[in-house]
Amino acid sequence: MCLLLRRVNAMRKLLFLSLILFLGSHLSFAQSVAHKRAERMGVGMNLSYLDNYWLGTKEKNFSDFVKPAEAAKREQMLADIAKSGFKTVRLPMSFGAWASLKAPYEWVTPESLIVADSFVKWALANNLNVIVDLHHTELDGSVPNAAATERVVSLWKRIAERYKGTDPERVFFELRNEPHDIPAKDWRDQAEQIIKTVRGIAPNHTLIVGFHDWNSRAAMIDSKPFEDKNIIYTFHYYDPFIFTHQGATWSSEGLPELKGVSFPWSKDAKIETPATAKGKWVENQINSYKNDSDSKKMFDDLQAAKDWSEKNRVPIFLGEFGSFGKHPTMPDRCRHAETVYSALGKLNIPSTWWEWDGGFNMFEPGTGKIADCMRKAIDSYNPSKQKSY
Ligand code: BGC
């Protein structure tokens, strides 16, 4: 009898200990600052323009691309983004175009920085969370030294100094958009140096960090988180690429010439392979389109990202997704958007759509109003609450 009682007590202790351990690990998981802030990001939007370095003069290394009158229009746009129910705005900014190419890399067009400050101020005035995103660091790839580690770290020193006084609950720092043509290890080394520098200046701001190969999902899943705990990890999802980028002149291998890709695949809509795509990656994508545009396959892709986030106990954020509006019909684009939004909702992954007013916009053609079927797609993120994401 006594032995039995002892065993029962020992079992109870074991159970109690397991409960404490379980709660401990889960509570620290739930309470991470980065997780809490990611939770509040919800459904968001990219506002392009301050990334459009190509509007500048090549001989001036694009430093002159910001035009005050164009920039000023964004004040109203930020109000419209907030009014449309988005909670977060990602501000892609080509800070690298505004700084000298030679050490100590001082600002050469300080007036552009003042415009950047206004964007942040206007976004905050509309109660949006704001992502200050260092975009197109490498510019068009032809400017020597543009993305050298010493220069990028120095850019971040200046950016962090500039925005360290902003509310860390609302303002996020994204280290570098879509690093490419840089080996995984070199990007990791560069990111580690940036993190160390920013942390010395802005200890409480949450960083947003993606991986090599254009912030791809696969690169994230292949990578390990950094040591810093206050990081939200980002990835981009433009799958299926031949749907989202058909007609994209800035792409290659036949994408600029590609058209007529509906969503999802249908046996009645045969996709013509452009001559420029023959034997290229795009032709393979055309051949696998039936599977690639399947909603279950796309859900599984996003589920794999979520699995990585749970396994590593770090929050994730989809920083870019969307479709170029040149060729596809609005109903096709909406079906694609709904496939992604509804998966993001089920998996609780915050996101920012690419983009508010450029070629990927969600508007009814010829208007500034979000198309009804796009609204329905957005609402599929959170079907029970509508408008409040
Ligand atoms: C680039 C844009 C491009 C978009 C979709 C972004 O990361 O900055 O220039 O339109 O991706 O391809």
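Count residues from 1 along the sequence. For clarity, every value in this text was computed on a predicted model and none was experimentally measured. As the structure lists them, so they are numbered: ligands from 1, and atoms in each ligand from 1.
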For Lys58, all residues meeting salt bridge (Lys or Arg N to Asp or Glu O under 4.0 Å), sequence neighbours excluded: Asp140

On the ring face of Tyr105, is Arg158 found with NZ or CZ under 6.0 Å from the centre and within 45° of the axis? no

Does the plane of the ring in His135 sit parallel, tilted or perpendicular to the ring in Trp354? Use 30° and 60° as the thresholds. parallel

Relative to the heavy atoms of Phe360, which atoms of ligand 1 are at a distance of less than 4.0 Å? 5 (C)

Show which atoms of ligand 1 fall inside a sub-4.0 Å distance from at least one heavy-atom site of Glu320. 6 (C), 7 (O), 11 (O)

Below 4.0 Å from any atom of ligand 1, is there a heavy atom belonging to Phe324? no

Output for pair (Lys306 NZ, Ile316 CD1), nearest 0.5 Å, gives 6.0 Å

Can the positive tip of Arg188 be found less than 6.0 Å from the middle of the six-membered ring of Phe226, inside 45° of the ring normal? yes

Can you list, pair by pair, the side-chain donor-acceptor contacts under 3.5 Å of residues 321-332, counting residues two or more places apart and other chains?
| residue | atom | partner | partner atom | Å |
| --- | --- | --- | --- | --- |
| Ser323 | OG | Arg333 | NE | 2.8 |
| Thr329 | OG1 | Asp332 | N | 3.2 |
| Thr329 | OG1 | Asp332 | OD2 | 3.1 |
| Asp332 | OD1 | Phe263 | N | 3.2 |
| Asp332 | OD1 | Arg335 | NH2 | 2.7 |

Does ligand 1 have an atom under 4.0 Å from some heavy atom of Trp250? yes

Atoms of ligand 1 less than 4.0 Å from Asn177 heavy atoms? 7 (O)

Counting from 1, what ligand 1 atoms have a heavy atom of Tyr238 closer than 4.0 Å? 4 (C), 5 (C), 11 (O)

Hey, does His236 come in under 3.5 Å of ligand 1, counting only N/O atoms on both sides? no

Describe, in one word, how the ring planes of Phe95 and Tyr163 are oriented to each other, choosing from parallel (under 30°), tilted (30 to 60°) and perpendicular (over 60°). perpendicular

Under 4.0 Å from a heavy atom of Glu178: which atoms of ligand 1 are those, numbered in the order shown and with their elements? 7 (O)

Per-atom contacts, ligand 1 versus His136 - under 4.0 Å to a heavy atom: 8 (O), 9 (O)

Close approach, His245 and ligand 1, non-hydrogen under 4.0 angstrom: yes

Are any of the N/O atoms on Trp54, whether in the backbone or the side chain, positioned under 3.5 angstrom from an N/O atom of ligand 1? no

Identify the protein heavy atom lying closest to atom 10 (O) of ligand 1, giving its residue, its atom name and the separation to 0.1 Å. Trp354 NE1, 3.6 Å

Among side-chain atoms of Asp307 and Gln303, is any donor-acceptor pair under 3.5 angstrom? yes

Heavy-atom pair of closest approach, residues Ser154 and Pro104: OG-O, 3.8 Å

State the atoms of ligand 1, each with its element, that fall below the 4.0 Å cut-off from a heavy-atom position in His135. 1 (C), 7 (O), 8 (O)

